[in-house]
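Positions are given from 1 along the sequence. Please read these numbers as outputs of a predicted model, since none were measured by experiment.
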Amino acid sequence: MEKQLTKLFPMVQFKKDTWEIDEFDCASIFLLVGTEKAMVIDCGMGIGDLRGAIEMITDKPLVVVISHGHVDHTANARQFDEVWIHPADAAAPMPQELARRKWDTERIAARQKGCIGAPYTMFNLYPYDINVDLRDPGPDEKMPVVHDLYDGQQFDLGGGRIVTAYHCPGHSAGEMVFLDSQSRSLFAGDALNYNLGVGAVPVETTLRALKRIRDMGDQYDGIYNGHHDFRALGAPLDDDCLPTVIEMLEDVMAGHIVPCETPSFWGQSVPLTKERVDPMAAAPAATGTGGQKRKRVTLRKGRNFLGINPDNIYEKKD
């Protein structure tokens, strides 16, 4: 008999009709329920039966939006009929290869457990089997219809709950954030956190996008990023995160780039400069595979770590 996929995701309702679903220490999925529809923000690494877990909360029609095309935000997209993603990230496979997802699952979970500390790190607390619940899509899980998600697009969930998408490139070229006017919450994907990697676009572009988010601060009370190892489940990022990242990017623009060598979440040191393969960069449109190497240096200010490409600071002028 085939084993059923788990629906027992840790989750918390942190505001009225607003949930954070923890994909077993890998990624955060957010569920916003209006009177007519419900919105799902991101689809995680692909562990378990995400749709089944959501349908235990609501039976309303689902609007599924993807903050960006990286492996840990798209993988359960095939459980849904339609998804919305920015065109710059739409070529990414949904999901990416299983071996890559298993490797990332173990690394991200170790990072998150390390942030919480013992005795949490000593036990496997969650009801899932990585060899069963993390899998390739089944035969009935076809590719969803993929719609373009664009800056300023609004989704009316009913009852006055309107969610607006804003383009915030940096971590990826198509990174999007979502402002929920009713709960006064900003859902940021990987556009902002305390261990932020940017470089998909020039630093100058990212700085302008994050300043716009800062200037909208009277419209939200908290920012919720896509991994809760930088905050407690159901709690927003601390208020210092965004202004500190902006200060660091302004320093970079002024030419003040002082790389630091930092320990990784897994014990080894991270070198001052390294090249990494970005699966979203120069990906063939048909497959989304391939990618290209990008240089990266790590900067630090207080609690914030920022990875930048020192060769991609300024926008090209016409």
Side-chain angles (χ1 to χ4, degrees), residues 6-34 37-45 47-58 60 62-68 72-73 76 105 108-117 119-121 123-128 155 157 159 161-164 176-196 213 216-217 219-242 245 265 303-304:
T6 185
K7 301 178 185 178
L8 299 178
F9 292 80
M11 62 180 71
V12 60
Q13 183 178 5
F14 61 95
K15 291 186 178 180
K16 187 178 186 302
D17 297 324
T18 309
W19 282 260
E20 181 174 0
I21 300 171
D22 172 24
E23 194 193 32
F24 308 108
D25 283 335
C26 288
S28 287
I29 295 103
F30 294 93
L31 177 65
L32 319 179
V33 180
K37 301 175 184 177
M39 173 175 281
V40 179
I41 301 176
D42 283 337
C43 294
M45 193 74 77
I47 301 171
D49 183 2
L50 174 62
R51 181 163 189 158
I54 289 168
E55 289 177 344
M56 290 192 296
I57 300 172
T58 181
K60 290 185 168 61
L62 300 176
V63 177
V64 181
V65 296
I66 307 291
S67 65
H68 64 294
D72 48 338
H73 297 264
N76 254 331
T105 293
I108 295 174
R111 180 188 75 190
Q112 186 146 300
K113 286 182 172 67
C115 291
I116 298 173
Y120 186 88
T121 56
F123 303 101
N124 181 8
L125 300 179
Y126 293 142
Y128 86 96
F155 297 88
L157 305 182
R161 189 160 208 179
I162 296 174
V163 181
T164 307
M176 301 292 285
V177 302
F178 305 93
L179 178 63
D180 173 25
S181 59
Q182 189 170 87
S183 72
R184 291 184 56 83
S185 302
L186 184 73
F187 300 96
D190 286 353
L192 180 70
N193 55 54
Y194 284 99
N195 184 44
L196 181 61
I213 297 306
M216 293 163 43
Q219 300 178 56
Y220 58 82
D221 299 323
I223 300 175
Y224 301 82
N225 67 302
H227 300 279
H228 76 82
D229 47 351
F230 303 107
R231 53 183 178 77
L233 185 67
L237 288 165
D238 286 345
D239 291 341
D240 67 322
C241 188
L242 178 57
V245 169
F265 296 102
R303 292 190 291 167
N304 287 74

For side chain to side chain contact (heavy atoms under 4.5 Å, CB included), just list the numbers for L157 and K60, CA-CA rounded to whole Å, side-chain angles, deciding distance to a tenth of an Å, and then say yes or no. CA-CA 10 Å; L157 305 182; K60 290 185 168 61; over 6 Å; no
Minimum-distance pair of heavy atoms, taken over all atoms of [X] and [Y]:
X	Y	answer
A38	L31	CB-CD1, 4.1 Å
G44	A27	CA-CB, 4.1 Å
Q182	G159	NE2-O, 3.0 Å
G222	P236	CA-CB, 3.8 Å
S183	T18	CB-OG1, 4.0 Å

Apply ring-ring contact (aromatic ring centres under 6.0 Å, His included) to [X] and list each qualifying residue two or more places apart in sequence or on a separate chain.
X	result
F155	W84
Y224	F14, F187
Y194	none

Exercise for review: Indicate whether the side chain of H227 and that of N193 have a donor and an acceptor atom separated by less than 3.5 Å.
Suggested key: no
Please answer whether the main-chain N or O of V33 pairs with a side-chain N or O of R161 as donor and acceptor at a distance below 3.5 Å.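 Pair found, side chain donor or acceptor close to backbone of V33.
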Return yes if some donor-acceptor pair links the side-chain N/O of Y128 with the main-chain N/O of E23 below 3.5 Å, else return no.
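A pair under 3.5 Å: no.
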(request) Evaluate the criterion side chain to side chain contact (heavy atoms under 4.5 Å, CB included) for residue pair T6 and F24; output intermediate values, then yes/no. (result) CA-CA 11 Å; T6 185; F24 308 108; 3.8 Å; yes
Contacts satisfying salt bridge (Lys or Arg N to Asp or Glu O under 4.0 Å) that involve residues 6-19 (not counting sequence neighbours) are none
State which residues pass salt bridge (Lys or Arg N to Asp or Glu O under 4.0 Å) with R184; sequence neighbours excluded, sorted by chain then number.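 Result, salt bridge (Lys or Arg N to Asp or Glu O under 4.0 Å) vs R184: D221.
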Salt bridge (Lys or Arg N to Asp or Glu O under 4.0 Å) filter on D72, not counting sequence neighbours, yields none
Are any non-hydrogen side-chain atoms of [X] and [Y] less than 4.5 angstrom apart?
X	Y	answer
V177	S67	no
D238	R303	yes
C26	I47	yes
Y220	I213	yes
M176	V65	no

Evaluate side chain to side chain contact (heavy atoms under 4.5 Å, CB included) for V40 paired with I29, printing each intermediate quantity in order.
-> CA-CA 7 Å; V40 179; I29 295 103; 3.8 Å; yes
Value rounded to 0.5 Å, distance of [atom1] in [X] from [atom2] in [Y]:
X	Y	atom1	atom2	result
F9	I57	CZ	CD1	10.5 Å
L32	T58	CG	OG1	11.0 Å
M45	L50	CE	CG	13.5 Å
I54	M11	CD1	CE	8.0 Å
L186	N225	CG	CG	10.5 Å
L242	L192	CG	CG	5.5 Å

Taking only residues two or more places apart in sequence or in another chain, which ones pass side-chain hydrogen bond (donor to acceptor under 3.5 Å, both in side chains) with [X]?
X	value
T164	Q154
R51	E55
E20	S28, R231

Apply side chain to side chain contact (heavy atoms under 4.5 Å, CB included) to C43 and I66, showing your working.
-> CA-CA 7 Å; C43 294; I66 307 291; 3.8 Å; yes
